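Here the structure is a predicted model, which means the values were calculated and not measured. Atoms considered below: every heavy atom in the structure, side chains included; atoms not considered: hydrogens, waters and symmetry mates. Along the sequence shown, residues are numbered consecutively beginning with 1.
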Amino acid sequence: MTAAHSPAPAPDGVTGARTLTVRYTGGSSRRGTVTMGQANMIRCILRDEPDSINIHDVWPVPDDTGMEQVLDALAALTVRHEALRTTFPYDAGDGTVPSEQVVAAEGSFTVTVLDHDELPEDTDGYAEAVARAARASRFRLDLDFPLRLRILARAGRPVRVALAASHAATDGSALGILRDEWLALLAGETLPPVTALAPLDLAAEENSPAGRRKSAASLAHWERILRTGPQAMFAEDGAEGTEALTPGLTLRSARGARALAAAARRTGALPGTVLLTAWCVLAAHRAGQSVCVAAVPTSNRFLSKLARSVSPLSQDALLSLDVRVPSFDTLLGTAWGAAMNAYRHSRFDALELWELIGRVTTERGSRFARDAVFNDISALPSTLAGAAAPDADAPELELSWGEGQLLPTRLLTFVYETEPVLRLATWADPVLFPRAAAEELATGLVRLLEAVAEADVPLGTPGPLTEVTGVRPVARGPEWTRVDGCWVSPDAVAGALSEALAGRPVEVVAEEGDGGGEDGRRLIAYIGVDESDPSGRELTDDQAHAALMRILPGRPGVLAPHRYVFAEGPSRQPAAARRILREGTGRGREMRHDHR
């Protein structure tokens, strides 16, 4: 491996900045199909805003480290890990998604050096801001080096590396691995040979017969939850739109850390399982749901050959935890198994998953909402949490607000640290969780952990949990009802369907089916039509269903009717009292009935 560094002109208008070009050789060239994790992230990169899908980190530079050492170490990491030498050729103009990756044997990348006479007193906070700013622009998948590097220097001496990374090349764990190896190189250590699977080798394994069977099993796990779980955790008044500008709330609590450790000792469960269970209980309690369905991103690094792989292995594990049990300890007994089952089924072909989601939700008449997300990265040896300054103190309970981010979730929690301080950040939809309510949720989690540390906590009714945590379930009006495991507003369904059908009169009722209870309840839509109007005469249940499905995103309280009934008669009469002309499911699976 050889590396050469050549300066380029500093960007116009930026003082104290210069750009260096780092050249590397000594790798090998390969090409092949993308991995499942790469395909998943590529889809998000092409769809989402860059600051929400790119990731970032800050790497320390040991004292007395020269610029040449820093650049040489970056070149060595690039040659060592194929993911850093990978591009994804495709034609952005024809709408295709990259399906192939190309690994270069040699090449170059640029580094921006930001030199200062003196760095700010809060150097880590400044470096974090520089790294986060570097996330703001897109990576060109077919051209760009996957790390956007900023070296913060004092009088020419490097102090920090602030970087943004393409999620097609790394995830949080991979960045941690790179940071560990970076520090080892700067310390003069010799790195052991790479034994973890490179992305191309992982892709070959995933496309083997055994790999395809694992993916199929994962899809079956997702399909079961998509067909039976609530379509959205937060279906309530005010839950509208597919994303919201959401401020971040950080909790730092020594009380929480002590309570979590004590709860783990009392129950004999792992601290991570206790924390996940408590979060699910609180989320389901606040949402008034009997089941907590949450995306639990996982690094999939439980196999030794993947533990230190530099590639985007992280994919969603979909957790479904039924909280209809007598007590917290009872739920804790099933939570570990449910989480492990979710993790086992978190390696899948992302394109096949989204095809599955589209098919299942159309058949069910629902819209999958990834509105509850819990991401515990505290157990990883090096994580994005390393970008934050270490806790110099241990506040008993401290809450602080950060800047807002545009997020496609209603409740997102990152756990960074569980000892000696419980440190987590939560982004809660400000419409559903005004600041006081979001703070109540964060402190409620600590209060629940303290209660669990002392004794088992009853869960059978919401009253005791409200008393323990201070968090109250959402109040839904009498127009809300549970249908097919989902909270639904028939009035909202009628309004949405009328909008989808260009203003036609619609009435929706929830009728009891043969099964009784919410599982047997069905939504019936009565659509007023005038047979003298050609468009009304030709309107079918399939067309009505398709029109509603097109506008369903962002309406978590709307579930498509199980049956569409077209009725004729004076508009002053209830649709259910008019002459029925025809009816059907709109899903193409049942016989239509024409009453004419």
Review point. Could R579 and E568 be called an ion pair, given the rule that one side-chain N must be under 4.0 Å from one carboxylate O?
Key: yes
Check your understanding: Are side-chain N/O atoms of S215 and D349 paired as donor and acceptor at under 3.5 Å?
Key -> no
Check your understanding: Is any NZ, NE, NH1 or NH2 atom of the basic residue among R447 and E440 found under 4.0 Å from an Asp or Glu carboxylate oxygen of the other?
Key -> no
Exercise for review: I would like to know whether L46 and Y90 meet side-chain contact (heavy atoms from CB on, under 4.5 Å); could you show each step before the answer?
Suggested key: CA-CA 12 Å; L46 296 178; Y90 75 111; 3.6 Å; yes
Check your understanding: For the side chain of H221 and the backbone of A217, is there at least one donor-acceptor N/O pair under 3.5 Å apart?
Key -> no
Exercise for review: Tell me, please, which residues at least two apart from W480 pass side-chain hydrogen bond (donor to acceptor under 3.5 Å, both in side chains).
Suggested key: D237
Review point. Quick one: are T409 and W427 in side-chain contact, heavy atoms under 4.5 Å?
Key: no
Point to revise | T362 side-chain N/O to G358 backbone N/O, donor-acceptor pair under 3.5 Å | key: yes
Check your understanding: Would one find more than 12 heavy atoms of other residues, nucleotides or ligands at under 6.0 Å from atom CZ of R135?
Key -> yes
Exercise for review: For N375, enumerate each residue passing the side-chain hydrogen bond (donor to acceptor under 3.5 Å, both in side chains) test, keeping only those at least two apart in sequence or located in another chain.
Suggested key: none
Point to revise | Under the side-chain hydrogen bond (donor to acceptor under 3.5 Å, both in side chains) test, residues paired with E205 that sit two or more places apart | key: K305
Study note, to complete from the structure: Residue set satisfying side-chain contact (heavy atoms from CB on, under 4.5 Å) with S166, at least two apart, ordered chain then number -> I45, F139, L141, P146, A168
Review point. Is the shortest distance from a Lys or Arg side-chain nitrogen in D541 or R563 to a carboxylate oxygen in the other one below 4.0 Å?
Key: no
Check your understanding: Does any N or O in the side chain of D171 come within less than 3.5 Å of the main-chain N or O of S173, such that one atom is a donor and the other an acceptor?
Key -> yes
Check your understanding: Under 3.5 Å, side chain of D316 to main-chain N/O of L318, donor-acceptor pair present?
Key -> no
Point to revise | Salt bridge flag under 4.0 Å for residues E512 and R521 | key: yes
Practice item. Using the test salt bridge (charged side-chain N to carboxylate O under 4.0 Å, His left out), find all partners of D51 that sit at least two apart in sequence or belong to another chain. Key: none
**Study point:** Considering all heavy atoms, the nearest T35-E206 contact
**Key:** CA-OE1, 3.4 Å
Check your understanding: Is a side-chain donor or acceptor of N207 paired with a backbone partner of A203 at a separation under 3.5 angstrom?
Key -> yes
**Study point:** N/O donor-acceptor pair under 3.5 Å between S218 side chain and K214 backbone
**Key:** yes
Check your understanding: If you measure only the distance, is there a donor-acceptor pair under 3.5 Å linking the side chains of W279 and T413?
Key -> yes
Review point. W487 and Q231: side-chain donor and acceptor closer than 3.5 Å?
Key: no
Practice item. Compare every heavy atom of L406 with every heavy atom of L245, then report the nearest pair and how far apart it is. Key: N-CD1, 3.5 Å
Exercise for review: Could you tell me which residues satisfy side-chain hydrogen bond (donor to acceptor under 3.5 Å, both in side chains) with R410, sequence neighbours excluded, listed by chain and number?
Suggested key: D429
**Study point:** Test salt bridge (charged side-chain N to carboxylate O under 4.0 Å, His left out) applied to R227 and E223, step by step
**Key:** CA-CA 6 Å; R227 288 194 182 278; E223 181 170 1; 3.0 Å; yes
Check your understanding: Should we count CZ of R43 as having more than 12 external heavy atoms under 6.0 Å?
Key -> yes
Practice item. Show the numbers, then the answer: is there a side-chain contact (heavy atoms from CB on, under 4.5 Å) between H545 and R587? Key: CA-CA 7 Å; H545 185 70; R587 293 156 176 79; 3.6 Å; yes
